[in-house]
Amino acid sequence: MGDQRAGIRELTRRTLLLGASASAIAAAGCAEAVTRHATSSRLAAISATPSERAHTANDVALLRTAAALENLGVYAYGSALHRVASGQMGPPPAVVMAFASQVRSHHAQHAQALNRILERLGSPPYTRPDPAMFRSVEDGLPAVGSIKELAIFSLTLEDALAQTHLRNLTALTDRAAIVTTAAIGPVEQQHVALLHINAGQFPVLHAFGPTDQARPVTDPS
Amino acid sequence: MSTATFSKAQCVAALQTAASLETIAHSGYLSAIPLKQVRQAPQLVTQFNESAAAHHFAHLQAINDALGALGAAPQFHPDMKIADALTPLLARVPRAGLPAVLQAALYVEERLFATHTAYSMRAADSKQRALFGSIAGVEAQHVAVLRQAQVLVESGHERQIQLPPPHLVTIPPAAGTQPIPDAFAPTTLARPYREGAVGG
């Protein structure tokens, strides 16, 4: 009987906590996301243990970091395509335009997939470019004067993406997040390889994917 | 392909299967290095061959180390199903030259890429997940580079296989899109996890 009362008290406390966090998110301007996912996330939160909630919070932080980088990828390749097409780096090579268009599409699809998982975990989607790296892209791109320089410039972002996904793969606990991250990471590594070729560098530098350029989870905050 | 997590016994079998695939890849690249069709190709092809052989050997060692840490037997034998499938592809090399070399290499690399990706999705332990994931990205890079070389050779731009390609404006757009056709790594070519298990 005592156990039952303790269980009811804990359930009530969790429901109140959930209501408080939902209010905070709504106040921050994310009412739509809260409405859409209130039921599923409420059920998940009520049934979650403190340990599970900690895992979910960590997964959300990791996924937001990855989504922020993917959004930056969409933005950066869009800007790069514009600059190449305008002839600012010489006659636009069709192969570079095709590659950049496709990679931009990949990053958009990755961002969508990661945001779907974020929403399922009860978090609003993260739709802005990574604020920590945004300025270097915004300031650095206009100084890029050739396709080779563009490839070198793009490598910084693609390395960060590939290595962040690989780091996340080992730290995530949600099954869908693991499966999705495992499917995205190698594709970013492929982007890296082809960029190395255009940068005049050997395309496959390591026998094992490194993680020293993975972005900290504090990036999107 | 299931994405259910591996039990410890399943993970051991998966590691042994991965090792058997790495053995095939390592020996395949080593045997390709002295081939006339490779020596006459652009120098980057030979450099890639040597580098990929070293990568696959490093993968084999790391996988067998992981098996040792689990108290399981290492796997040094090749995956015979893949070896058998590779035989007719290799027989084409003397007649077809570099395109056949690239096709044979891609046959193995695409299966390695898919297998490591699929296993990284299923590994329950973060150490094994990190190992499969870390290798999957490198196999993915091998695949992309080989596919780009394939497009360049098939379109008559073999001389563009250089760092960087000297005449980018002449290269067909397919060389920028065909190497990485999917936004998400496919796993349909992944090998069954018991295929290369010791005693399996």
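Letters A, B, ... are given to chains in the order of the sequence lines, protein chains preceding strands, and every chain is numbered from 1.
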At a heavy-atom separation under 4.5 Å, does A/Ile197 approach chain B through its side chain, its backbone, both, or neither?
both
Where B/Gly133 and A/Leu169 come nearest, the two heavy atoms and their spacing:
CA-CD2, 3.7 Å
For chain A, which of B/Pro186, B/Ala174, B/Pro165 has the most heavy-atom pairs under 4.5 Å?
B/Pro165
B/Gln162 portion near chain A, given a 4.5 angstrom heavy-atom threshold:
backbone
Given A/Ala94, A/Gly200, A/Ala113, A/Ala171, the one with more heavy-atom pairs under 4.5 angstrom with chain B than any other is A/Gly200
Of the backbone (N, CA, C, O) and the side chain (C-beta and beyond), which part of A/His107 lies under 4.5 Å from a heavy atom of chain B, both, or neither?
neither
Begin from the C-alpha positions of B/His59 and A/Phe208 and carry the test ring pair (Phe, Tyr, Trp, His ring centres under 6.0 Å) through to its verdict.
CA-CA 8 Å; B/His59 298 168; A/Phe208 301 93; 5.2 Å; yes
Residue part contacting chain B, namely of A/Val103, when any heavy atom lies under 4.5 Å:
neither
Under the 3.5 angstrom rule, does the side chain of A/Arg175 hit a backbone N or O of B/Ala4 as a donor-acceptor pair?
no
Taking the six-membered ring for Trp and the single ring otherwise, decide whether the centroids of B/Phe184 and A/His110 are under 6.0 Å apart.
yes
Any donor-acceptor N/O pair, B/Ser134 side chain to A/Gly209 backbone, under 3.5 Å
yes
Report the C-alpha separation of B/Ile180 and A/Phe99 in whole Å, then their side-chain angles, then the decisive distance to 0.1 Å, and conclude whether the side chain to side chain contact (heavy atoms under 4.5 Å, CB included) test is met.
CA-CA 9 Å; B/Ile180 318 175; A/Phe99 172 76; 4.2 Å; yes
For B/Gln43, does the CD atom have more than 12 heavy-atom neighbours from other residues, nucleotides or ligands under 6.0 Å away?
no
How about B/Leu163 and A/Gln201: do any of their side-chain heavy atoms sit closer than 4.5 Å?
no
Which residue out of A/Pro186, A/Pro210, A/Ala193 racks up the most heavy-atom pairs below 4.5 Å with chain B?
A/Pro186
Around B/Tyr107, counting heavy atoms of other residues, nucleotides and ligands shown, do more than 12 lie under 6.0 Å from its OH?
yes
Output the option from A/Ala183, A/Ala151, A/Pro91, A/Ala98 having the highest count of non-hydrogen pairs under 4.5 Å with chain B.
A/Ala183
Could you tell me whether the side chain of A/Gln190 and the main chain of B/Ala140 form a donor-acceptor pair under 3.5 Å?
yes
Between A/Ala182 and B/Met121, which heavy-atom pair has the shortest distance, and what is it?
CB-CG, 3.5 Å
Measuring heavy-atom distances to chain A, does B/Thr5 have an atom under 4.5 Å in its side chain, in its backbone, in both, or in neither?
both
Give, as side chain, backbone, both or neither, the part of A/Ile147 having an atom under 4.5 angstrom from any heavy atom of chain B.
side chain
Close side-chain approach of A/Gln189 and B/Val138, heavy atoms under 4.5 Å
no
Per-residue contact mode, B/Pro172 against chain A (heavy atom under 4.5 angstrom):
backbone
At a 4.5 Å cut-off on heavy atoms, which part of B/Ser120 comes close to chain A: side chain, backbone, both, or neither?
both
Exercise: identify the closest heavy-atom pair between A/Val187 and B/Ala185
CG2-N, 3.6 Å
State, with a plain yes or no, whether a side-chain heavy atom of B/Ile171 is found less than 4.5 Å away from one of A/Pro93.
no
Side chain / backbone / both / neither for A/Leu166 at chain B, heavy atoms under 4.5 Å:
side chain
So, for A/Phe202 and B/Phe48, which heavy atoms are closest and what is the spacing to 0.1 Å?
CZ-CA, 3.8 Å
For B/Gln141 and A/Val204, indicate whether the former's side chain and the latter's backbone hold a donor-acceptor pair under 3.5 Å.
no
Heavy atoms only, distances under 4.5 angstrom: which of B/Asp182, B/Ile135, B/Val145 has the most pairs with chain A? Name it, please.
B/Asp182
